[in-house]
Amino acid sequence: MASKTILELKQVDKFFGDKAAVERISLEIVEGEFFTIVGPSGSGKTTLIRMLVGMDTPSRGDILLRGERINDVPANKRPTCMVFQSLALFPHMTVGENVAYPLKCRGIEPGARKARAEECLTLAHLPMEYYDRPVTQCSGGERQRVALARALAFDPDILFFDEPLSALDYKLKKLLEKELKDIQRETGKTFIYITHSLEEAMVMSDRIGVMNEGRMVQIGAPREIYRRPNSRFVSEFMGEVNVLPVTAKGGKLHCQSLGTSFEVPPGAQETDGVLIIRPEDMRFVNGEPPVNGVLSGEIFNEYLLGSRVQYQVRAGGTTLLVEKQRDSAAPDPAARITFAPENSMLFAE
Amino acid sequence: MTSDRTLLGDRLLRSYVIFVIIVFYVPMLAVALASISRSRFFVFPIRRTSWKWYNDTFASLQIKEAALTSITIAFFVAILSVALALAGALAYARYDWKGKRVYQQLLLVPIFFPQSVLGLALQIWFSSIGVQMTWTATVFAHLVWIAPIVTLIIAIQAFGYDASIEEAAMDLGASRWQVFRDITLPLLGPGIFSGFLFAVLLSWGNFPLSYFTSGASVTIPEWLYGKMIGGYTPMVPAVGFLSVIAGAIVLIVGLTINNRLQRR
């Protein structure tokens, strides 16, 4: 695949008063890519996307679309378009009028408008009889599809999404995530999606950018972000983890609260900080005597998480999380736990 | 036991509501009765009824002229206040700018001024800047009071829908004018219409501002006042009652149209 940069950000800052909402973000997005920006609320992702679509201008830095600086080009002059979190459908129009609106703005004659709008309805899996239905009579999922069809009718170079699925129920959300991914593949368009939900990001994206406090803290493929987070923030954002405070001592990491030492993860520099282990990387050991790297504790809670079971284990004043496949044998309540050093991550603090 | 009690509560509440309605509307009824009494002075019970005063009212050139003046003023006040209020409400609801809070407060203050004081102040002001006291001056006097109210009404409508709808239209390639024509105006429609209605009715019924600023022009409320303090005839209640009926018709027709607009 010839990867051509479609959108480039160079050291983009956005200040509101003295407060930086977005700080020194540099980013290159490739033509035809599904890129997701994920971060907690207040991380600056909405501010960033507003600058990308042209509803705000950067305080510093440049935004380049196919090599051309578009910092000050307003939203209605950009070949990009966004599906809003609120969807922002026009409540006084029918489904068809909504979808055809970008074509109307462009001065396309009504016949061609309708034909194109119908194409987009089909693409968004909306039946044709919805064309003349008032948009206020559509259900939540149907509205999503109308908003998507309307954006597709615009035929943008880049399609932006500002958490449009956050208000839907789980099943519908999953369905629409898959459809969105399919449409992206079919149309070959560049999609830039923002969300606070890691799960959403993982399912759909080619690459993910994680934001925190106005900065892009890590960019990578979903797997890479999950397996090799570059900071404690990213690892914790990617799901529940065990965090063990450790001090470096003679080539080992000593955890005061648990009274145990651990191996330094391979490739990591020995340092004081936190050792992070995902619950699914923890495992129970039976019958072995307590040695370094093995923790003793007591199971006090268990939760069924679909195909897995999560155990809460009280050990040395902290609570550890351990996950196992549901059908594996029940562990001893007086549990001993261990993990492989290569599955742990060490971050200096 | 509780159901008995709620039943009693319901009954008390209902009686209270009926009582309030009666207290509000009986005076109107008294005016209506006074207007059909044949005798020149109002005595109760009415001995003989007659439509004479209504015939006289419809025949009177003076009253016709006053009605025409009132209608003209109401019309211009409504048009101008809607134009001012639409711009004002959008500035208020859609944009952030320095001094917005002060603007909000300054906008509200004229609504709460005692109107006779406002009328007097405007009279002094108009004469000091050389504005003739005629019905045109009254239009501006009414605007000082009515435009802020209409601004509030339209602003409420503007706050009633998500501003991202306008952003979305722009993002889809609409120019500012297209956004205004296709999105803002239709969505503010019901608010603009209610604002227009309010402006007509408030202007139609206003006395103090007209009294101080209309000079030789006479509006219906002014005519009523004039006849009340000198030269009472049952034409006063007749005109008063007709004026209320006219207002009610405007209101009912207006609300019906507005319901249609809202439902769309």
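Naming convention: chains lettered A, B, ... in sequence-line order (proteins, then strands); numbering from 1 in each chain.
Between chain A and the residues B:Ala163, B:Ala169, B:Gly189, the largest count of heavy-atom pairs under 4.5 Å involves B:Ala169. Contact count versus chain B (heavy atoms, under 4.5 Å) is highest, among A:Arg78, A:Lys77, A:Met82, for A:Met82. With chain B as partner, the option from A:Pro79, A:Pro74, A:Pro102, A:Cys105 having the largest number of non-hydrogen pairs under 4.5 angstrom is A:Cys105.
Of all the heavy atoms in A:Asp132 and A:Thr94, the pair that sits closest is O-CG2, 3.7 Å. Listed here is the closest heavy atom pair of B:Thr69 and B:Trp135: CG2-CB, 4.0 Å.
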Would you please test B:Ser243 and B:Trp204 for side chain to side chain donor-acceptor pair (under 3.5 Å) and show each step? CA-CA 9 Å; B:Ser243 158; B:Trp204 174 259; 3.2 Å; yes
Show which side-chain atoms of residues 42-49 of chain A pair as donor or acceptor with protein atoms under 3.5 Å away, not counting sequence neighbours.
unit_1  : atom_1 : unit_2  : atom_2 : d
A:Ser43 : OG     : A:Pro40 : O      : 2.7
A:Lys45 : NZ     : A:Gly39 : O      : 3.0
A:Lys45 : NZ     : A:Pro40 : O      : 3.4

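Interface remark: A:Leu89 contributes backbone atoms only to the contact with chain B (heavy atom separation under 4.5 Å). Looking at B:Asp171, the atoms closer than 4.5 Å to chain A (heavy atoms on both sides) sit in the backbone and in the side chain alike. In this structure, the portion of A:Met55 lying under 4.5 Å from any heavy atom of chain B is its side chain and not its backbone. The part of B:Leu187 that comes within reach of chain A is its side chain, from C-beta onward, which places non-hydrogen atoms under 4.5 angstrom from that chain.
When ring centroids are compared, B:Phe113 and B:Trp145 stay outside the 6.0 Å threshold.
The ring-ring contact (aromatic ring centres under 6.0 Å, His included) pairs that include a residue from residues 132-161 of chain A are A:Phe161-A:Phe191, A:Phe161-A:Tyr193, where partners are two or more places apart or lie in different chains.
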